[in-house]
There are 2 protein chains.
Amino acid sequence: MSGQSQPSRPEEPARELAREPDRAAQHAGRALPAVTEGEAGARVLTRRAPGMADVAQLAGVSHQTVSRVLNDHPNVREQTRLRVRAAMEQLGYRPNRAARALVTGRSQTVGIVAQNTALYGPTSVLTAVERVVSRAGFAVGVASVPVLDRISIADAVARLLDQHVAGIVVIAPVVSANEALDDVPDDLPMAVIDGDPGRPARLVTVDQQLGARLATRCLLAAGHETVWHVSGPPDWFDSAERVLGWRQALVDAGAEVPPVLAADWSLGAGFEAGQLLARMPEARAVFAANDHLALGIMKALRQAGLSVPEDVSVVGFDDIPEAGYVSPPLTTVRPDFEAVAEQAVRLLLAQLDDPSPGGLPRVAPIPPRLVERESVAPPGRAAPRRRTGVARRSAGR
Amino acid sequence: MSGQSQPSRPEEPARELAREPDRAAQHAGRALPAVTEGEAGARVLTRRAPGMADVAQLAGVSHQTVSRVLNDHPNVREQTRLRVRAAMEQLGYRPNRAARALVTGRSQTVGIVAQNTALYGPTSVLTAVERVVSRAGFAVGVASVPVLDRISIADAVARLLDQHVAGIVVIAPVVSANEALDDVPDDLPMAVIDGDPGRPARLVTVDQQLGARLATRCLLAAGHETVWHVSGPPDWFDSAERVLGWRQALVDAGAEVPPVLAADWSLGAGFEAGQLLARMPEARAVFAANDHLALGIMKALRQAGLSVPEDVSVVGFDDIPEAGYVSPPLTTVRPDFEAVAEQAVRLLLAQLDDPSPGGLPRVAPIPPRLVERESVAPPGRAAPRRRTGVARRSAGR
DNA sequence: GGGGGTAGAGTGAGCGTTAACATGTCGGGG
DNA sequence: CCCCGACATGTTAACGCTCACTCTACCCCC
């Protein structure tokens with residue numbers, strides 16, 4: 001297949017895949033120095049990425065000056081700086097991170113520790129953090145753990161440490177994960193996302209309580225006497241906080257506080273909770289700890305012949321993309337994952353710039369907002385069950 | 001707040017966060033060598049991670065022998081090997097990846113290039129790849145790009161190259177991304193996921209055509225005369241392949257091929273396509289290119305007073321977690337992302353072990369499977385519209 | 001006009017590892 | 001008995017960079 005006959009390169013036989021080998025090589029990021037093709041006989045390719053020495057030679061300075069330019073040291077004449085920059089450009093020079101990491105003991109890499117899960121919230125946060133970190137000019141190293149227990153996390157952190165990360169971002173939404181944080185060396189810059197609100201140092205979270213209060217109050221405002229709650233797993237901070245917020249809102253309104261229906265985050269658990277709820281005529285308003293639960297609940301309700309929001313009002317949490325497109329469109333609480341990621345990285349960068357440990361950096365919880373759609377209505381069990389879909393109605397208020 | 005008075009460590013003032021500083025340090029992965037506490041006066045902490053030299057000294061061998069043990073070189077006496085291993089253990093030695101990368105020019109890191117998106121498919125693949133790569137003992141570097149165009153990808157690859165990755169996995173589901181692949185140096189081990197099926201070298205994909213055929217045939221088998229298709233964006237391979245598979249199934253069955261309704265992957269686009277579909281009485285069966293489109297379509301249908309599956313049958317693609325919990329539960333095609341990731345990493349590792357470029361490694365497309373739920377039924381517009389939910393019925397066949 | 005500060009540059013020594021080569025030590029065959 | 005190859009180990013030199021110095025002008029000021 002590789003039909004072109006070219007000057008054979010001994011160390012690199014032609015590959016079938018390569019359609020236009022030389023162009024490919026040219027574009028490769030690390031340019032080929034001293035190609036000087038045509039010098040018959042002599043080795044045509046001196047394949048080796050250019051180093052500081054090469055740049056220095058071309059610019060007529062010492063390698064140290066090149067280093068200074070690279071690191072924006074002040075004591076370099078503008079003219080020299082330009083000359084070096086030009087030489088870099090010409091050679092397609094790229095600094096060798098490994099060498100730098102070796103000597104400084106720290107790389108321009110940020111490590112992220114996260115559970116490997118399909119859960120919408122954590123995944124959204126993860127990708128947001130990736131995005132923000134690389135936007136900030138850092139390389140991204142990910143260490144995902146199968147479960148968020150102490151040893152897995154310690155292990156992940158160790159792996160990251162091996163990579164000589166400059167700092168880490170840990171997504172630690174459960175208590176066991178948070179405990180593992182005690183084990184990380186305290187001189188390693190770190191930002192914790194979704195950790196224990198009781199330990200606010202270096203922590204960034206969504207204001208879960210506020211979100212839960214918003215959701216609960218929305219239901220109360222629609223005229224419901226009280227609001228039931230289907231919670232997430234008890235060892236999740238998000239879960240506990242949402243319970244707290246929900247209860248608070250109820251207490252504030254002088255409403256009765258029904259027992260919590262504990263579940264995990266899954267659709268299936270929501271479905272089961274929904275089956276329970278369906279048998280309790282007094283349960284007319286439900287705040288589900290996340291949208292998946294809400295969807296599961298709604299399915300169970302539907303199967304039991306109950307309709308949402310006429311018979312039962314439901315509010316979720318997360319605002320998954322599907323939320324506006326299910327039937328009925330789900331009223332829910334939308335956390336700002338992007339902002340969380342942004343704050344976390346900011347927190348980390350602050351520690352990087354200023355290694356002084358004085359004063360634990362803290363940031364305020366990020367307030368979520370309520371997205372009102374059509375899964376909330378005033379109580380009115382007496383009203384006839386309606387047909388599906390067609391009619392539109394705005395959310396109760 | 002830091003109430004304990006300890007021998008002060010000049011280079012590391014106590015931090016408020018640290019509750020039990022010394023334990024934390026102990027657990028830190030990189031143990032502290034030569035602590036020898038008590039040697040009054042002399043510096044108590046020689047904080048520096050142990051290197052090969054330290055291990056070598058303790059084991060009474062040269063650093064090179066340590067290196068040999070580390071890399072499982074054959075010519076080391078068993079006894080020596082054990083002694084070195086013990087020394088490593090005792091010192092808590094961890095090899096310095098940066099140094100190794102510097103000298104070998106290649107790190108034990110796999111880079112992943114992926115678009116930073118909320119799309120279910122690509123995201124699932126990404127996390128699956130992360131998982132598999134780190135399970136294989138490699139560090140994971142992620143370079144996410146905002147858009148999948150040529151320069152962004154070239155840039156991402158360059159960033160990864162800077163990290164001296166051993167190889168890369170690229171998730172390149174659109175044509176522009178695939179073109180960018182020409183620019184990567186052909187001696188860099190690579191695996192492409194979801195790329196151009198027309199260029200099968202080093203490519204791993206889901207068998208999109210098969211999936212589409214499965215979906216279409218399922219609808220046909222339910223008794224529908226033909227099947228409409230709402231497609232994804234035209235520049236996505238997934239999209240094009242699914243169109244092909246759908247058309248093929250129709251042609252095979254001798255059915256009429258209706259025009260394609262082009263959309264993107266979003267719920268919103270599905271909704272719009274659904275509004276179109278709702279006005280066409282002859283459209284009784286729809287294959288949506290993904291589940292989000294299907295959800296959007298179903299919402300539009302519902303709003304138009306049509307019910308699924310009585311009036312219109314719908315099949316999706318992806319099997320998002322919500323698929324079984326919407327109303328009606330969605331029949332859909334489930335790709336095996338885990339298998340895709342597994343194959344991709346296998347492909348990459350093969351290239352790592354055997355740098356010989358001979359013979360492009362290829363792997364067969366991974367067959368997806370149809371998950372039948374309740375959004376498909378035989379045509380029967382004549383039947384009265386039914387109420388919501390309650391009744392159960394198995395999918396048509 | 002000479003001392004000293006300072007901007008701008010250079011020199012050399014590592015950082016921790018691997019690769020290439022050198023050394024030493026056996027055992028066996030000629 | 002000696003030489004040679006195999007095995008086991010040690011020695012030395014990079015790898016590409018930063019850090020801590022040194023060096024040279026040059027200018028300011030007394």
Side-chain angles (χ1 to χ4, degrees), chain A residues 11 30-31 33 46-85 87-88 91-109 161-164 166, chain B residues 11 30 33 46-85 87-88 91-109 139 161-164 166:
Chain A
E11 75 281 2
R30 21 181 31 77
T46 316
R47 147 141 1 216
R48 209 192 88 250
M52 273 196 168
D54 304 288
V55 176
Q57 193 177 0
L58 182 62
V61 296
S62 76
H63 63 111
Q64 175 61 359
T65 301
V66 177
S67 171
R68 289 200 181 94
V69 171
L70 213 59
N71 297 291
D72 286 320
H73 270 271
N75 291 354
V76 180
R77 212 187 320 163
E78 192 54 27
Q79 182 191 337
T80 315
R81 186 186 307 277
L82 258 38
R83 204 144 32 93
V84 172
R85 284 258 152 74
M88 286 178 176
L91 257 36
Y93 169 76
R94 326 222 63 182
N96 182 326
R97 299 181 96 108
R100 187 198 305 239
L102 175 59
V103 64
T104 60
R106 201 132 277 191
S107 70
Q108 285 286 89
T109 302
L161 245 26
D162 281 356
Q163 285 186 64
H164 289 96
Chain B
E11 75 281 2
R30 19 179 35 76
T46 316
R47 155 152 339 230
R48 208 191 89 248
M52 274 196 168
D54 304 288
V55 176
Q57 193 178 0
L58 182 61
V61 296
S62 76
H63 64 110
Q64 175 62 348
T65 300
V66 177
S67 171
R68 289 201 181 94
V69 171
L70 211 61
N71 297 291
D72 286 320
H73 271 271
N75 292 353
V76 179
R77 210 189 322 164
E78 192 53 27
Q79 182 191 339
T80 315
R81 186 186 306 276
L82 257 39
R83 203 145 31 92
V84 171
R85 284 256 153 75
M88 286 179 176
L91 257 35
Y93 167 76
R94 326 221 62 181
N96 182 326
R97 298 182 97 107
R100 188 198 302 240
L102 175 58
V103 66
T104 60
R106 201 133 276 192
S107 69
Q108 285 286 88
T109 302
L161 247 25
D162 282 355
Q163 284 187 64
H164 290 95

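So that the names make sense, note that chain A is the first sequence line, chain B the second, and so on, each numbered from 1.
Between A/Arg77 and C/dA9 there is a side-chain polar atom (N or O) within less than 4.0 angstrom of OP1 or OP2.
For B/Ala101, the side chain to side chain contact (heavy atoms under 4.5 Å, CB included) partners are A/Ala98, B/Ser107, not counting sequence neighbours. Taking B/Arg68 as the reference, nothing meets the side chain to side chain donor-acceptor pair (under 3.5 Å) condition, with sequence neighbours excluded. Partners of B/Val103 according to the side chain to side chain contact (heavy atoms under 4.5 Å, CB included) rule, which considers only residues two or more places apart in sequence or in another chain, do not exist here.
The distance from atom CG of A/Asn75 to atom C1' of D/dC21 is 14 Å, rounded to the nearest whole Å. Rounded to whole angstrom, the span from the CD atom of B/Gln79 across to the C1' atom of D/dC7 amounts to 15 Å. B/Asp162 has its CG atom 14 Å from the P atom of D/dG16, to the nearest Å.
The backbone N or O of A/Asp162 sits nowhere less than 3.5 Å from a side-chain atom of B/Arg94 that would complete a donor-acceptor pair.
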For residues 69-77 of chain B, dump all side-chain donor-acceptor pairs below 3.5 Å to protein atoms at least two apart in sequence or in another chain.
from: B/Asn71; atom 1: OD1; to: B/Arg100; atom 2: NH1; distance (Å): 3.3
from: B/Asn71; atom 1: ND2; to: B/Ser67; atom 2: O; distance (Å): 2.7
from: B/Asn71; atom 1: ND2; to: B/Ser67; atom 2: OG; distance (Å): 3.4

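For CD of A/Gln57, the number of neighbouring non-hydrogen atoms (other residues, nucleotides, ligands) closer than 6.0 Å is 12 at most.
Across all their heavy atoms, B/Arg97 and A/His164 have their closest contact at N-CE1, 4.5 Å.
Axis deviation across the helix from C/dG1-D/dC30 to C/dG30-D/dC1 amounts to 60°, comparing end segments of five pairs, rounded to 10 degrees.
We find the CZ-CG distance between B/Arg83 and B/Leu58 to be 10.0 Å, quoted to the nearest 0.5 Å.
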Base versus backbone protein contacts along nucleotides 14-21 of chain C [heavy-atom cut-off under 4.0 Å; B, S, -]: BBBBBBB-
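At the heavy-atom level, B/Thr65 lies under 4.0 Å from the strands shown only through sugar-phosphate atoms.
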